[in-house]
Amino acid sequence: MVKSVMVAYALWAIGGPLGLHHLYLGRDSHALLWMLTLGGFGFGWAREVIRIPAYVGEANQDAESGRKRPHTTVPPPVSPIRFGGQVCVGIYFGTVALTGLNSLSFFYLIVLPLCVGAGVHLVSSVGQQTSDLQKTLTACLITSPIFYGSTLSPLPISLAASVTAVQHRRFKTPRTPQGTQELGPRLYRLGLAWLAFSAPLGYCVFHNTTATLYYLADCVSALLDIFWFVPWLRSVLEYILLIPYRILCALTGGGYYEETWKKVLEILLREYTEREKEALQVLSLEAEASLEEITRSYRELAKTWHPDHNPRKDAEATFVKIQEAYEVLLQRHRPHRFK
C-alpha cells in the first residue's frame, strides 16, 4: 500500500509525540521510541516536520522493492544526532530504572546496565540501521560496576554503550517491510514493550510517591545546577523541564499557574515520617508548618545554640541536631522549589 505524505503529516500533527505517523509508515522502533519519550522529548517530533517526506519515500521504496536491497558490509554513516539521541535515551531509561527498580537485588550490576543498554539500542535501531545488541549490553555490564552506587552512573554507562553501538552499526538485514505486516501483532509487541517500560515507573509513582518526587526534584536540580555559569540557558532548560508540570496545573484546574497542583502535591506529601515528626519537635513546630515558618524557626534556634555564642557544653550537639532537623524538613519541601 502506497503511503501518503498528507496522511503522515496529519498523524504527525494529531499524535506525533506518540509515534502514530511512524506506526503508519511501518517504523515500529521509531514509534516505540516516540511513545516512551513523547516524541524525543518534543525536540525530535518538531524536527520531523521536514523529515516526513523522506520517511514516506523510504517506506514506499521499501514496499516496492520488498526490501530486496543487496547486502552490504559498508556501515551506515555516523550521525551525531543519532549518537546524541542514544546517550540521552540511555540516561532516560537509566533514570527510570533508578526511580522504580533500585530496590532490586544486583540492581547496579545487572538491572541498570540492561535498562540503559535497551534505551541505547532502541535509538540505534531506528530507521534502516541497527547495531549489535549483545556488544552494546556487554559494554553496559562492564562499565556499570565502575560507577557502582552512583546516581550519575547512567551517564557513563550510556556513553560507553553509545560508542559501542556506533562502532558496530550496520544496515538491517533485508526482510518483509513492517508496514505490510498485520497491524494487530505489531501493536501487541509495541504494547508489551511499552508496558515493560512503564510498569516499574507506575508502581513506584503510586506506591512510593514521596520518594519519587524527591528523586525527580533532585535530578532536575542537579541537571540545572550544571548550567549555573550560563543563566539564560539554565532558565530555558528549567522552562522546558517544567512544561509537563504546567500542563498538570492546567488539567487540575489551576490554569497556567501552579496553585492547584501545589495543593495536590501537599496532599500527596501530607503524611510525615517518624524522622520528620522528630524534626518538627526539635524545631518546635506544628505539623502544618510552612517552609517559611520552618526556616524562621531554624534561624532563631541556630542563632541561640550556635557554639560561638552559647557557652553551654551541650550547645554544639544541640546545634547539630537543629541543623539535621532543618535538612530533613527542607528535603520534604524540595519538590516545591521549582516554581
Side-chain angles (χ1 to χ4, degrees), residues 16-23 27-48 51 55 76 78-102 111-141 143-144 147 150-169 172 189-202 204 215-216 219-220 222-223 226 237 240-241 243-244:
L18 298 178
L20 293 186
H21 56 302
H22 289 303
L23 191 63
R27 302 168 61 91
D28 288 358
S29 295
H30 214 156
L32 177 60
L33 177 63
W34 260 214
M35 291 177 191
L36 300 181
T37 63
L38 290 180
F41 312 109
F43 296 108
W45 171 72
R47 173 177 173 267
E48 286 180 335
R51 294 285 300 158
Y55 292 154
V78 177
S79 170
I81 294 178
R82 184 184 292 264
F83 179 82
Q86 290 174 176
V87 174
C88 292
V89 174
I91 294 173
Y92 173 54
F93 275 45
T95 302
V96 171
L98 279 168
T99 303
L101 299 173
N102 59 4
V111 180
L112 179 61
L114 291 182
C115 290
V116 174
V120 171
H121 185 72
L122 179 59
V123 178
S124 69
S125 298
V126 165
Q128 294 183 335
Q129 61 176 281
T130 185
S131 63
D132 192 312
L133 175 59
Q134 182 177 351
K135 292 180 179 178
T136 300
L137 294 180
T138 300
C140 293
L141 292 170
T143 307
S144 186
F147 301 92
S150 172
T151 55
L152 297 177
S153 56
L155 173 58
I157 298 173
S158 184
L159 282 171
S162 298
V163 171
T164 303
V166 168
Q167 292 175 340
H168 298 90
R169 67 192 185 282
K172 291 179 179 177
R189 289 192 295 269
L190 290 174
L192 288 179
W194 184 87
L195 184 62
F197 176 89
S198 61
L201 183 61
C204 183
Y215 180 77
L216 292 177
C219 288
V220 173
L223 177 61
I226 295 175
L237 288 175
I240 293 173
L241 290 171
I243 287 177

Task: Ring-ring centroid check His21 Tyr55, cutoff 6.0 Å - done: no

TODO: Mind listing the closest non-hydrogen atom pair of Thr143 and Ala160 along with its distance?
DONE: OG1-CB, 3.3 Å

TODO: Using side chain to side chain donor-acceptor pair (under 3.5 Å) as the criterion, list what pairs up with Ser125, not counting sequence neighbours.
DONE: His121, Thr130

Open item on the list: Test of understanding: with side chain to side chain contact (heavy atoms under 4.5 Å, CB included), list the residues that count as partners of Gln167, not counting sequence neighbours.
Closed with: Val163

- [ ] To the nearest 0.5 angstrom, please state how far the NE2 atom of His30 sits from the CG atom of Leu122.
- [x] 9.0 Å

TODO: Would you check if Val166 and Ser162 make a side-chain contact, meaning some heavy-atom pair closer than 4.5 Å?
DONE: no

TODO: Determine, stepwise, if the pair His22 / Val126 fulfils side-chain contact (heavy atoms from CB on, under 4.5 Å).
DONE: CA-CA 10 Å; His22 289 303; Val126 165; over 6 Å; no

Task: Under the side chain to side chain contact (heavy atoms under 4.5 Å, CB included) test, residues paired with Thr136 that sit two or more places apart - done: Val120, Ser131, Ala161, Ala165

Which side-chain N or O atoms in residues 37-47 pair as donor and acceptor under 3.5 Å with protein atoms at least two apart or in another chain?
from, atom 1, to, atom 2, distance (Å)
Thr37, OG1, Leu33, O, 2.7
Thr37, OG1, Gly40, N, 2.9
Trp45, NE1, Trp12, O, 2.9

TODO: Give, for atom CD1 of Ile157 and atom SG of Cys140, the distance between the pair rounded to the nearest 0.5 Å.
DONE: 6.5 Å

Task: Partners passing ring pair (Phe, Tyr, Trp, His ring centres under 6.0 Å) against Phe83 (at least two apart in sequence or in another chain) - done: none

Open item on the list: Can you give me the closest heavy-atom contact between Thr164 and Ala139, atom names plus distance?
Closed with: OG1-CB, 3.2 Å

Open item on the list: Could you tell me if the side chain of Phe93 sits less than 4.5 Å from the side chain of Leu36, heavy atoms only?
Closed with: yes

Open item on the list: Can you confirm whether Cys115 sits close enough to Val96 that some side-chain heavy atom of one is under 4.5 Å from a side-chain heavy atom of the other?
Closed with: no

Task: Pairwise distance CD1(Ile81) to CD(Gln86) - rounded to 0.5 angstrom - done: 12.5 Å

- [ ] Give, for atom CG of Leu155 and atom CD1 of Ile91, the distance between the pair rounded to the nearest 0.5 Å.
- [x] 4.5 Å

Open item on the list: To check you understand the geometry: which heavy-atom pair defines the closest contact between Leu112 and Ala97, and what is its length?
Closed with: CD1-CB, 4.3 Å

TODO: Check Pro113 against Leu141 and note the closest heavy-atom contact, atom names and distance.
DONE: CG-CD2, 3.6 Å

Open item on the list: If the condition is side chain to side chain contact (heavy atoms under 4.5 Å, CB included), which residues does Leu137 pass it with, not counting sequence neighbours?
Closed with: Leu114, Leu133

Task: Distance, nearest 0.5 Å, that separates NE2 of His168 from CD of Gln134 - done: 10.5 Å

TODO: Measure the CG-OG distance between Leu98 and Ser153 for me, rounded to the nearest 0.5 Å.
DONE: 5.5 Å

TODO: Measure the shortest side-chain to side-chain distance between Arg82 and Gln129 over non-hydrogen atoms and say whether it is less than 4.5 angstrom.
DONE: yes

